[in-house]
Amino acid sequence: MGPPCQPIGRLANPLAALQHASMTQLDAAGRLGANIAQLRETRGLTQQQMARLAGVPRATWAHLETGHANPTLAVLSRVASALQVTIEELIAAPRSAVKHFPAATLVTRTRGDVTVRKLLPDPIPGMELDRMELPARARMTGVPHLPGTTEYLTCERGSIVLVASGDSWTLAPGDVVVFRGDQRHSYANPGDRVAVGYSVVLLARAP
């Protein structure tokens with residue numbers, strides 16, 4: 001007499017768990033391979049060069065990129081060090097090579113009639129980059145920064161008048177003015193059409 005048949009439910013659960021574990025391991029290996037390949041390619045290096053930097057055989061590096069390797073922690077540590085990233089970054093979900101940020105998603109504020117929009121979705125330490133849109137005859141007062149701050153103002157469209165410390169400069173498209181950002185200043189559009197300008201502020205560090 002053969003062994004008693006086990007209920008299908010008891011067999012299904014262990015098999016499902018085993019399949020889930022296998023798929024999870026494959027996903028992790030795939031993420032690892034995609035990340036390593038992307039990081040290497042962005043550095044403009046070959047597999048041979050990266051393998052040499054990491055101190056591993058080229059075949060090992062190739063297997064890592066294809067997701068067919070089962071590396072030890074020591075190998076992962078060498079690879080991460082050669083790529084100058086953390087081990088966590090190696091096994092994280094791959095980052096998209098391109099991100100699209102529609103204009104409506106960028107930080108925008110209004111100061112009076114003037115619209116000021118951040119040029120970049122992510123902040124750059126020590127720097128502010130803004131796009132200013134001034135309707136006809138609009139004026140905006142600037143906010144003085146810490147001593148040592150420098151601001152670059154350029155006009156893209158129309159005409160912009162910058163007033164700083166009692167002096168004024170009229171910018172036509174393509175013109176640039178550099179001035180101390182720690183003084184009182186203002187921007188104005190003397191024309192009958194919308195003016196657009198860009199401000200780049202290099203912030204001084206607090207003492």
Side-chain angles (χ1 to χ4, degrees), residues 2-109 116-131 145-146 148-150 152 198-207:
C5 295
Q6 298 185 30
I8 294 179
R10 293 184 180 180
L11 290 173
N13 287 338
L15 287 174
L18 180 60
Q19 183 180 22
H20 176 72
S22 299
M23 291 301 295
T24 301
Q25 185 175 5
L26 287 173
D27 289 345
R31 290 198 304 269
L32 176 66
N35 286 334
I36 290 177
Q38 183 182 38
L39 289 168
R40 174 183 62 78
E41 289 170 359
T42 57
R43 285 155 178 73
L45 298 175
T46 65
Q47 290 184 347
Q48 181 66 43
Q49 291 171 321
M50 288 307 312
R52 188 181 301 114
L53 288 173
V56 300
R58 182 194 175 282
T60 297
W61 192 281
H63 285 135
L64 286 170
E65 290 195 7
T66 59
H68 294 154
N70 186 21
T72 63
L73 182 59
V75 170
L76 283 180
S77 179
R78 291 180 182 179
V79 171
S81 178
L83 291 169
Q84 297 182 330
V85 298
T86 64
I87 293 179
E88 288 77 9
E89 290 179 83
L90 288 183
I91 60 179
R95 300 176 182 176
S96 173
V98 177
K99 291 184 179 180
H100 175 218
F101 295 90
T105 65
L106 300 175
V107 176
T108 303
R109 64 185 188 277
V116 181
R117 188 183 75 205
K118 291 296 180 184
L119 281 180
L120 303 177
D122 302 314
I124 297 180
M127 185 179 297
E128 293 182 356
L129 297 93
D130 296 313
R131 177 185 186 274
H145 297 279
L146 292 173
T149 297
T150 301
Y152 298 81
Y198 295 91
S199 168
V200 178
V201 179
L202 300 182
L203 299 169
R205 294 183 179 182

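Just so you know, these numbers use all the heavy atoms, side chains as well, and skip hydrogens, waters and symmetry mates.
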4.5 Å side-chain heavy-atom contact, Lys118 and Thr108: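 No. Closest side-chain heavy atoms not under 4.5 Å.
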Can you pull the salt bridge (Lys or Arg N to Asp or Glu O under 4.0 Å) pairs that have at least one residue in residues 57-73, sequence neighbours excluded?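 For residues 57-73, and leaving out neighbouring residues, the salt bridge (Lys or Arg N to Asp or Glu O under 4.0 Å) pairs sorted by first residue read Arg40-Glu65.
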[X]: partners by side-chain contact (heavy atoms from CB on, under 4.5 Å), with sequence neighbours left out:
X: Leu73; result: Ile87
X: Thr86; result: Glu88, Glu89
X: Leu53; result: Leu45, Met50, Ala82
X: Pro121; result: Phe101, Leu106

Distance (rounded to the nearest 0.5 Å) between Glu128 CD and Leu203 CG: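 Reported value, rounded in 0.5 Å steps: 4.5 Å.
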Quick one: pull up CG in Leu64 and CD1 in Ile36 and give me the separation to the nearest 0.5 Å.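 Answer rounded to 0.5 Å: 4.5 Å.
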Kindly write out the residues that satisfy side-chain hydrogen bond (donor to acceptor under 3.5 Å, both in side chains) with [X], not counting sequence neighbours, or none if the list is empty.
X: Ser77; answer: none
X: Thr149; answer: none
X: Arg78; answer: none
X: Glu41; answer: none

Asp130/Arg117 ion pair, N-O < 4.0 Å: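 Arg117 and Asp130: not salt-bridged.
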